[in-house]
Amino acid sequence: MKVYVIAIITSKPEYMNEVKNALVELMGKTHKEEACIQYDLHQDKEDENRFIFYEIWEDQEGLDRHNGQPHIKKFQAFANGKLQEAPMVIKADRVI
């Protein structure tokens with residue numbers, strides 16, 4: 001069963017460009033993952049420090065593998081102290 005995810009990442013203003021570049025790099029590596037169907041990065045028009053990922057994964061197992069990937073661990077280490085708050089991750093089922 002497919003898993004739909006919205007992840008919201010909010011950088012501290014002074015790190016916005018660094019975080020954005022790291023997220024773009026993360027996106028490129030994630031697109032190569034077998035279970036990744038869609039992984040789109042957006043930047044909020046009202047708050048340039050807020051980034052939103054819209055993700056679709058083949059299944060929960062694929063998402064779990066993604067969360068254990070070296071590029072995810074690298075971003076987590078990089079982001080330490082550069083974000084306003086912990087990322088918000090929402091998993092959902094598609095209604096229609």
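The model shown is predicted, which means the values in this text are computed figures rather than measured ones.
Under the 4.5 Å side-chain criterion, counting only non-hydrogen atoms from C-beta, Tyr15 is not in contact with Leu83. Taking 4.5 Å as the limit, every side-chain heavy atom of Glu58 sits out of range of all side-chain heavy atoms of Cys36. A heavy-atom distance below 4.5 Å is not found between the side chains of Phe51 and Ile8. In this structure, Lys91 and Leu63 have side chains that are in contact, with non-hydrogen atoms separated by less than 4.5 Å.
Using a distance-only test at 3.5 Å, with no hydrogens or angles considered, no donor-acceptor pair links the side chain of His42 to the main chain of Tyr54. Judged by distance alone, with hydrogens and angles left aside, the side-chain atoms of Gln38 form no donor-acceptor pair with the main-chain N or O of Ile56 at under 3.5 Å. Lys73 places no side-chain N or O within donor-acceptor distance of the main-chain N or O of Gly68, the cut-off being under 3.5 Å.
For Gly81 against Lys12, the heavy-atom pair with the smallest separation is O-NZ, 3.1 Å. In this structure, Ala7 and Glu55 approach most closely via the heavy-atom pair CB-OE2, 3.9 Å. For Gly62 against Ala35, the heavy-atom pair with the smallest separation is CA-CB, 3.4 Å.
For the pair Lys82 and Glu14, the salt-bridge criterion is not met [side-chain N within less than 4.0 Å of a carboxylate O].
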*Step by step, work out the side chain to side chain contact (heavy atoms under 4.5 Å, CB included) result for Glu48 and Met16.*
CA-CA 8 Å; Glu48 69 178 1; Met16 189 275 294; 3.8 Å; yes
*asked:* For a side-chain hydrogen bond (donor to acceptor under 3.5 Å, both in side chains) check, start with the C-alpha distance between Asp64 and Gln60, then their side-chain angles and the critical distance, and finish with the verdict.
replied: CA-CA 6 Å; Asp64 291 343; Gln60 184 61 50; 2.7 Å; yes
*Going through the distances and angles, do Lys2 and Arg94 end up as a side chain to side chain contact (heavy atoms under 4.5 Å, CB included)?*
CA-CA 9 Å; Lys2 291 181 183 162; Arg94 187 172 177 179; over 6 Å; no
_Could you walk me through whether Glu25 and Phe75 satisfy the side chain to side chain contact (heavy atoms under 4.5 Å, CB included) test, starting with their C-alpha distance in whole Å, then the side-chain angles of each, then the deciding distance to 0.1 Å, before giving a yes or no?_
CA-CA 9 Å; Glu25 180 181 332; Phe75 177 78; over 6 Å; no
*Could you give me the CA-CA distance, side-chain angles and deciding distance for Met1 and Asp59, then say whether side chain to side chain contact (heavy atoms under 4.5 Å, CB included) is met?*
CA-CA 5 Å; Met1 176 188 274; Asp59 52 28; over 6 Å; no
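Using modelled atom types and a 3.5 Å distance limit, the side chains of Gln43 and Lys20 yield a donor-acceptor pair.
A 6.0 Å sphere centred on CG of Asn21 holds more than 12 heavy atoms belonging to other residues, nucleotides or ligands.
Transitive grouping of hydrophobic side chains (ILVMFWY, heavy atoms separated by less than 4.5 Å) brings Leu26 and Phe78 into a common cluster. Under the 4.5 Å side-chain heavy-atom criterion for grouping Ile, Leu, Val, Met, Phe, Trp and Tyr, Tyr4 is connected to Ile90 within one hydrophobic cluster. Residue Val89 is grouped with residue Met27 when hydrophobic side chains (ILVMFWY) are merged at heavy-atom distances under 4.5 angstrom, including chains of intermediate members. Clustering ILVMFWY residues whenever any of their side-chain heavy atoms sit less than 4.5 angstrom apart, transitively, puts Ile72 in a cluster other than the one holding Ile52.
Ring orientation note: the planes of His66 and His71 are tilted relative to one another, at an angle of 30° to 60°.
Remark: Arg50 CZ to Asp44 CG distance equals 4.5 Å, nearest 0.5 Å.
Checking Leu23, Val5, Ile6, Asp40 one by one against Phe53, the side-chain contact (heavy atoms from CB on, under 4.5 Å) holds for a single residue, Leu23.
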